[in-house]
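Okay, structure first, notes after.
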Amino acid sequence: MLLFNPISTHFTPKPTVHHRNLTVFSQIQPIPIPFTTTNLSISDESLRSKGFNLHSTITDLNLDHLNSVFVAVGFPRRDTEKIQIALENTDSLLWIEYQKTKRPVAFARATGDGVFNAIIWDVVVDPNFQGIGLGKAVMERLVTKLLRKGITNIALYSEPRVLGFYRPLGFVADPDGIRGMVYSRRKNKK
């Protein structure tokens, strides 16, 4: 599991609410946003000029075509009805459509509690379009979108062969010794 590691800022909490002998400190602090529309690796205009459209809703997203991209990068084929349910329960998503074919060529989504935590899932780029910055484009925008909501605990799962892609985007493996765990059903041996 990788965690997003935003640049730290010094924060001194100030009392905000007094109730009898209890003082509650505000936990809201300035959030450094590493990507803005002026420092993205590729601008929206540049994407459009290269024949790509950026989308942030599932409107016009053909789930069969998205599933084809999943399969092309090595994910198992998924039931499109289940993909629909997953996307309906997704807090933020971004996908890039190739204008000539009207098909998705890059995709990423995040789920979470909408306040503190998010996990990024299903980051894919069609192999025919890899290496031109589309994965970075969706990740930069997705992370920025989450940070603007105030979400700073952003995690993702990654295969070892692509860790190098996520590190320059601010993700670190096992920060401060924190390790992720996943539930794994194992069949009982007889």
Are any of the side-chain heavy atoms of Val125 and Val105 separated by less than 4.5 Å?
-> no
In one Ile/Leu/Val/Met/Phe/Trp/Tyr side-chain cluster, 4.5 Å: Trp121, Val182 | yes
Check: Arg48 and Ser43 side chains under 4.5 Å, non-hydrogen atoms = no
Contact check, side chains of Lys136 and Leu169, non-hydrogen atoms, under 4.5 Å | yes
Which atom of Phe165 lies closest to which atom of Met139, heavy atoms considered | CE2-CG, 4.0 Å
Taking side-chain contact (heavy atoms from CB on, under 4.5 Å) as the test, write out the residues that go with Lys50, two or more places apart.
-> Ile42, Ser46, Phe52
Which other residues end up in the same hydrophobic cluster as Val71, if Ile, Leu, Val, Met, Phe, Trp and Tyr are linked when side-chain heavy atoms come under 4.5 Å apart?
-> none
Hydrophobic cluster of Ile83, others only, ordered by chain and residue number, side-chain cut-off 4.5 Å = Ile58, Leu61, Leu63, Leu66, Val69, Phe70, Val73, Phe75, Leu87, Leu93, Trp95, Phe107, Val124
Quick one: pull up CE in Met181 and CZ in Arg179 and give me the separation to the nearest 0.5 Å.
-> 11.0 Å
Which heavy atom of Phe129 sits nearest a heavy atom of Ile132, and at what distance?
-> O-CG1, 3.2 Å
Between Arg141 and Asp44, does at least one N-O distance fall below 4.0 Å, as a salt bridge requires?
-> yes
Backbone of His65 reached by a side-chain donor or acceptor of Asn62 within 3.5 Å | yes
Mind checking side chain to side chain donor-acceptor pair (under 3.5 Å) for Gln130 and listing every partner two or more places apart, or none if nothing turns up?
-> none
Does the side chain of Ser56 reach to within under 4.5 Å of the side chain of Lys145, using non-hydrogen atoms?
-> yes
If you look at every heavy atom in Leu163 and Ser158, which pair is closest and at what distance?
-> CD2-OG, 3.7 Å
Heavy-atom distance under 4.5 Å between the side chains of Ile151 and Val115, does that happen here?
-> no
Using modelled atom types only, decide if a donor and an acceptor are shared between the side chain of Asn117 and the backbone of Asp113 within a distance under 3.5 Å.
-> no
State, yes or no, whether a side-chain contact exists between Ile120 and Ile154 at a heavy-atom distance under 4.5 Å.
-> yes
In short, Ala137 meets Ile96 closest at the heavy-atom pair CB-CD1, 4.2 Å
Return the minimal non-hydrogen interatomic distance between Val138 and Ala108, and the atom names on each side.
-> CG2-CB, 4.1 Å
Here the gap from Leu94 atom CG to Leu134 atom CG, rounded to the nearest 0.5 Å, amounts to 12.5 Å
Over 12 non-hydrogen atoms of neighbours within 6.0 angstrom of CD in Glu88 = yes
Is the shortest heavy-atom distance from the side chain of Glu97 to the side chain of Arg103 under 4.5 Å?
-> no
List the steps, then state whether side chain to side chain contact (heavy atoms under 4.5 Å, CB included) holds for Val123 with Tyr166.
-> CA-CA 11 Å; Val123 180; Tyr166 295 108; 3.4 Å; yes
With the side chain counted from C-beta on, respond yes when Asp126 and Tyr98 share a heavy-atom pair under 4.5 Å apart, and no when they do not.
-> no
Closest heavy-atom pair, Leu146 versus Ser92, reported as atoms and distance to 0.1 Å, is CD2-OG, 4.0 Å
Sorted by chain and residue number, the side chain to side chain donor-acceptor pair (under 3.5 Å) partners of Ser41 (sequence neighbours excluded) come out as Glu140
With Asp122, which residues qualify under side chain to side chain donor-acceptor pair (under 3.5 Å), at least two apart?
-> Arg78, Arg109
